[in-house]
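Below is one structure, written out as C-alpha cells, with a few remarks after it.
All ligand and atom numbering here is 1-based and tracks the order in the structure. Starting from 1, each residue takes its place in the sequence as its number.
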Amino acid sequence: MKKIRQPIIAVLGHVDHGKTTLLDRIRRTNVAGKEAGGITQHIGATEVPIETVKQLAGPLIKLWKGEIKLPGLLFIDTPGHEAFTSLRARGGSLADLAVLIVDVNEGFQPQTIESIEILRKNRTPFIVAANKIDRIKGWKVEEDEPFLVNIKKQDQRAQQELETKLWELIGKFYEMGFNANRFDRVQDFTRELAIIPISAKYGIGVPELLVLIAGLSQKYLEEKLKIEVEGPARGTILEVREELGLGTTIDVIIYDGTLRKDDTIVVGGKDKAIVTKIRALLKPKPLDEIRDPRFRFDQVDEVAAAAGIKIAAPGLEEALAGSPVIAARSEEEVERAKAEILGQIQSVVISTGKVGVIVKADTLGSLEALSKELQEKSIPIRKADVGNISKTDVMEALSVKDEEPKYGVVLGFNVKVNEDAAEVAKAKGVPIFTGNIIYKLIEDYEAWVKAEEE
Ligand code: GDP
Ligand code: MG
C-alpha cells in the first residue's frame, strides 16, 4: 500500500544564527496548540502534525493552492555536530527539504556559504529564514504572530531597515546564482528562493515558515514522498551512541518502509557490513513521564517512515554514523543489502597506501564531501575514515612525512583529537588541521603548505 510520508526537513546555517532556537520554538508552538494534536518527539527528530500546521496557518492557507495530503513535517534536530547537511539517503540527501537560517543582522557567514554549496551539490530544495528580526531597532514583538501581520505594526523606520537588510541578503544570493525574494513577493517557487523574515526567539513568522514548508513539499515533492509503507525499512544513521543498560545503539531516521522489531538489519561498519537482529526499537518517553533516567525510552513493535528511532542490537560498536540501515526479511534481501552497503562504504572509507594526507570525519556523508573536495584539488589521500583522530592516524601521517612533508598531515572534519594522538603529533611535528567548515579546513591546510614552501 502506498502512502505519502512526512517530508524530512533539515535546519542549517552558521553557528549562532538560530537553528536550535527555531527548533525549540517549533516544539513549544505545538505544545501551545494542544487541541490540534501537538507534537511528537522522535529520536533525533521532531514531528509537527499537519493539523497543527493548518491551525497555525489560519488565513495564510491561501498561500498555497490545492489540498495538503501530507501527514505532517519531520524536522531533524540539530545534533551535537552540524554536519548532518551531508547525511545521505540513496545517493541523494536525507533531507527532502531544508531551511537555511541566516541572522539577518549578520548576513552571510562561512557556514552559510558552505550550507548553500552542499544544498546545491545535493540538489536539495530549500527556503531561507531571515532570523532575529526582533533585534531591529524599535521592533514591536508579538509572540507567534505571522510575519505579514507583525510587519504592519512596525513603524516606518523599522520596516525600512528590514527591507534594507533583506536586499543585502538578496544581493548575496544573487552573487551565488540564486534569485531570492521575500516569500510574499515570489511569483514562481521553482525559480525563486523564498525568504521568510522570522524571529525564532519569539515565534514571529514561524506560522508562514511551516505553511510554506508544507505547501512546497506537497506541491513539488509528492512523488518522492510516496512510499510502499509495508516494505522493508531504509534509513540513515544519525548517531552511534552508548546508552546506559542498552549497550551501543544507533539513532536512525527511517525514510522508507516499515521497521519491525523482529527484522534483521544491515548497517555499515568500519570495513564491513554488519548484519544483526534488532533487540529493541526505542522511542523517547514523554518528558513528564521520565522518573528514572535509566528508563527514558518506550519500546515499540514497529515504526513506519518517516520517523526517528533508536535501535538496540548486538554488534553495533563498529557502526558508522551517516551509513545506511536496510531491513531485510530474507537471506536474499540480506545479501543484496550487504552488497549495497559495502559498495557505499568502500567508495568512501579508503586506505590506499599512497603518499597522501590522512582524512577523518564524523559521518560517512561528510567524509565523502571532504574527500571529494580534496580530490578536486588534486590533493592525494592515503587514508579516509570515520572517527576521531587517533594515534594510529598520526603515526601513519608521520610515515608519509618522511617521503613528502606536505602530505604528512591529518585533516579532521567535525572530529576530536584523542589525547595520545595530540601528544605524538606535537612530539613528532605532525600538523593536525581540524574544523567544521570544509572549505576553510582545506584553506588552512593550503595556507600551511604555502608557508612551508616559502
Ligand atoms: P545555533 O547555533 O544556530 O543553534 O543558534 P542558537 O539557536 O543556539 O542561537 C544562538 C543565540 O542567538 C542564542 O543566544 C539565541 O537565544 C539567540 N537567538 C536565536 N534566535 C533569535 C531571535 O530570533 N532573536 C534574538 N533576539 N535572539 C535569537
Ligand atoms: Mg545549535
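- Annotation: Y202 places no N or O atom under 3.5 Å from an N or O atom of ligand 1; distance criterion only.
- Between A200 and ligand 1, a contact under 3.5 Å exists for at least one N or O pair.
- At a cut-off of 2.8 Å, T21 is not counted among the residues with an N, O or S atom near the Mg ion (ligand 2).
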Would you please test D144 and R25 for side chain to side chain contact (heavy atoms under 4.5 Å, CB included) and show each step? CA-CA 9 Å; D144 291 321; R25 191 74 207 188; 3.1 Å; yes
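- In this structure a side-chain-to-backbone donor-acceptor pair under 3.5 Å is missing from T434 to G412.
- Not one N or O on the side chain of Q218 forms a donor-acceptor pair closer than 3.5 Å with the backbone of A214.
- Around atom 25 (C) of ligand 1, the closest heavy atom drawn from K201, R25, K19 belongs to K201.
- Without hydrogens or angle criteria, R234 side chain to P324 main chain gives no donor-acceptor distance under 3.5 Å.
- The main-chain N or O of E239 is never found under 3.5 Å from a side-chain atom of D251 such that the two would form a donor-acceptor pair.
- Residue-level proximity to ligand 1 for H17 is carried by the backbone, the only part with a heavy atom below 4.0 angstrom.
- Looking at Q154, its side chain does come within 3.5 Å of a backbone N or O of K140 through a donor-acceptor pair.
- Here is the list of ligand 1 atoms found below 4.0 Å of a heavy atom in V15: 2 (O).
- Among V104, N131, V11, the residue whose heavy atom lies closest to atom 20 (N) of ligand 1 is N131.
- Interface of H14 with ligand 1, defined as ligand atoms under 4.0 Å from a residue heavy atom, comprises 3 (O).
- At a heavy-atom distance under 4.0 Å, atoms from both the backbone and the side chain of D16 approach ligand 1.
- R241 places no side-chain N or O within 3.5 Å of a backbone atom of K310 that could act as its donor or acceptor partner.
- In the vicinity of S199, heavy-atom distances shorter than 4.0 Å reach the ligand 1 atoms 23 (O).
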